[in-house]
2 protein chains.
Amino acid sequence: MDTSRETDLNTEQKIKEAARKVFLEKGFDGAKLKHIAQEADVNIALVNYYFRSKEQLYKSIFLEAFKNFFGTIYHLLNDELPLEIKIWKLIDRYTDFLAANPHLPLFVLSELLKGGGVLITDLEMPKLLKTSHFVMQLREEGERGTIRKVDPIQVLSTLIGTLVLPFMAKPIITLIADFENEEQFRVFLENRKTVVFEMVMGYLRSR
Amino acid sequence: MDTSRETDLNTEQKIKEAARKVFLEKGFDGAKLKHIAQEADVNIALVNYYFRSKEQLYKSIFLEAFKNFFGTIYHLLNDELPLEIKIWKLIDRYTDFLAANPHLPLFVLSELLKGGGVLITDLEMPKLLKTSHFVMQLREEGERGTIRKVDPIQVLSTLIGTLVLPFMAKPIITLIADFENEEQFRVFLENRKTVVFEMVMGYLRSR
DNA sequence: ATTCATTTTAAAAAGTCATTTAAAATCCTT
DNA sequence: AAGGATTTTAAATGACTTTTTAAAATGAAT
């Protein structure tokens with residue numbers, strides 16, 4: 001019986017996990033096969049043996065990250081709940097999700113903006129957002145006058161932007177706010193949930 | 001007499017402008033001296049002749065970008081204006097500033113997070129934000145009850161996050177919103193100004 | 001135990017990139 | 001126009017990376 005998690009994984013999985021870590025931290029160009037192989041504790045040639053090329057390995061990691069990033073939002077947006085509760089849940093869960101995957105936003109956005117590898121037009125996930133339950137809900141309640149009439153894209157941008165920024169700007173926030181340990185940053189994130197919630201709900205309810 | 005702007009510049013300036021463009025678009029690792037030299041229409045060896053090394057050239061570009069990014073915020077935050085007017089001006093001007101420098105946020109944040117080159121602790125600019133007129137103003141008016149008591153870092157994060165996101169996520173927003181030309185994105189940005197303004201002011205005034 | 005497929009390794013090969021070199025071209029001063 | 005400094009170029013260098021190769025190790029099936 002083997003108790004360590006490392007050795008449970010087969011070589012292919014080990015390499016993929018190592019690649020995920022290195023690519024997410026350094027991006028395609030910054031990541032070297034040497035780093036990935038070291039991280040996986042494996043011979044460099046094995047990376048190509050299992051994945052044919054750096055590019056192919058990268059693509060599988062990127063697509064996975066991309067789906068994870070938007071899939072999580074999509075899932076939360078389609079939860080059939082009253083607007084206010086759904087917004088709270090989105091803020092709460094997505095913050096926790098990002099805390100567990102802090103490199104995801106910057107990786108996905110910066111690699112997308114460089115546009116080197118994957119064609120953005122092939123990526124179905126983001127398109128689905130505009131037919132999500134949440135967007136319909138904003139429209140309907142806007143019509144009914146329960147909330148202000150809004151452009152759903154603006155609301156989505158605001159939500160995602162406010163939730164995602166702390167992770168992309170962590171070094172700067174830490175500097176400005178004089179955080180001295182991880183705990184203080186964690187508290188900041190926890191407070192952030194209510195700030196964002198009150199701000200967005202206040203906006204929707206006003207008028 | 002020479003009417004074109006290109007040829008007015010001396011070689012060193014030409015290289016620096018080319019480097020700014022390429023580094024901002026591709027980051028340190030993605031940018032190759034070949035690209036920079038091509039963009040500047042110059043022999044590769046000249047880049048090293050004028051700047052000694054890729055690293056040194058990069059550092060001068062990064063620091064300039066960093067100061068530009070935070071300097072612009074800092075300047076706007078220290079404008080001695082009533083809170084509401086200042087917030088509007090910040091949103092309006094910073095959006096226009098970013099529209100003219102759309103790669104700046106992702107470049108600065110992602111290069112900072114990788115942490116390769118410049119030490120973040122050496123960068124004075126962000127520290128200044130917490131002693132800015134704006135932050136003092138938030139505190140004072142919070143005490144006086146003119147606005148809600150807030151954590152200034154939360155407000156700053158929200159403002160910067162909401163303003164900066166459209167530029168970092170432009171490909172995705174374009175996809176979700178079905179923008180078919182630049183003009184539609186421009187309109188989105190213009191509308192965004194009032195959305196952000198109303199949201200932030202609503203939050204500060206509530207309670 | 002032998003055979004065969006799979007996995008792993010070390011080393012070579014091929015390619016890319018930043019940097020250096022030395023010669024050539026240009027410019028400026030006299 | 002000649003001389004000397006500055007700028008520019010093509011080519012070489014050397015370090016590093018990805019990919020390929022072929023042999024070695026491992027493991028499973030007979």
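The shown structure was predicted, so the numbers you read here are calculated from the model rather than taken from an experiment. Below, chains carry the letters A, B, ... as their sequence lines are ordered, and counting in each starts from 1.
By the 4.0 Å N-to-carboxylate-O rule, B:Arg148 lies close enough to A:Glu198 to be salt-bridged with it. Here B:Lys16 pairs with B:Glu64 in a salt bridge; the nearest charged N to carboxylate O distance falls below 4.0 Å.
Remark: C1' of D:dT6 and CD of B:Glu12 are 13 Å apart, rounded to the nearest angstrom. Taking atom CG of residue A:Leu46 and atom C1' of nucleotide C:dT8, one finds them 5 Å apart after rounding to whole Å. Atoms CZ (A:Phe51) and C1' (C:dT7) sit 14 Å apart, rounded to a whole Å.
Applying a 4.0 Å cut-off to non-hydrogen atoms, none of the residues of residues 15-26 of chain B approaches DNA chain D.
With B:Arg139 contributing its side chain and B:Phe134 its backbone, the two residues share no donor-acceptor pair below 3.5 Å.
With sequence neighbours left out, the salt bridge (charged side-chain N to carboxylate O under 4.0 Å, His left out) criterion links B:Glu80 to no other residue. A:Asp178 pairs by the side-chain contact (heavy atoms from CB on, under 4.5 Å) definition with B:Lys130, not counting sequence neighbours. For the side-chain contact (heavy atoms from CB on, under 4.5 Å) test, residues two or more places apart in sequence or in another chain that qualify with A:Ala19 are A:Phe23, A:Ile36, A:Leu57, A:Ile61.
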What pairs of donor and acceptor atoms, side-chain ones from residues 90-97 of chain B against any protein atom, are under 3.5 angstrom apart with sequence neighbours left out?
from    : atom 1 : to       : atom 2 : distance (Å)
B:Asp92 : OD1    : B:Lys193 : NZ     : 2.7
B:Tyr94 : OH     : B:Phe69  : O      : 3.0
B:Thr95 : OG1    : B:Ile91  : O      : 2.8
B:Asp96 : OD1    : B:Lys193 : NZ     : 3.0

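Side-chain nitrogen and oxygen atoms of B:Thr11 include none within less than 4.0 Å of the OP1 or OP2 phosphate oxygen of D:dT7.
For B:Lys170 and B:Phe185, the positive end sits near the middle of the six-membered ring, less than 6.0 Å away and at most 45° from its axis.
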Under a 4.0 Å heavy-atom criterion, the protein footprint on nucleotides 13-28 of chain C, written with B, S and -, is ----SSBB--------

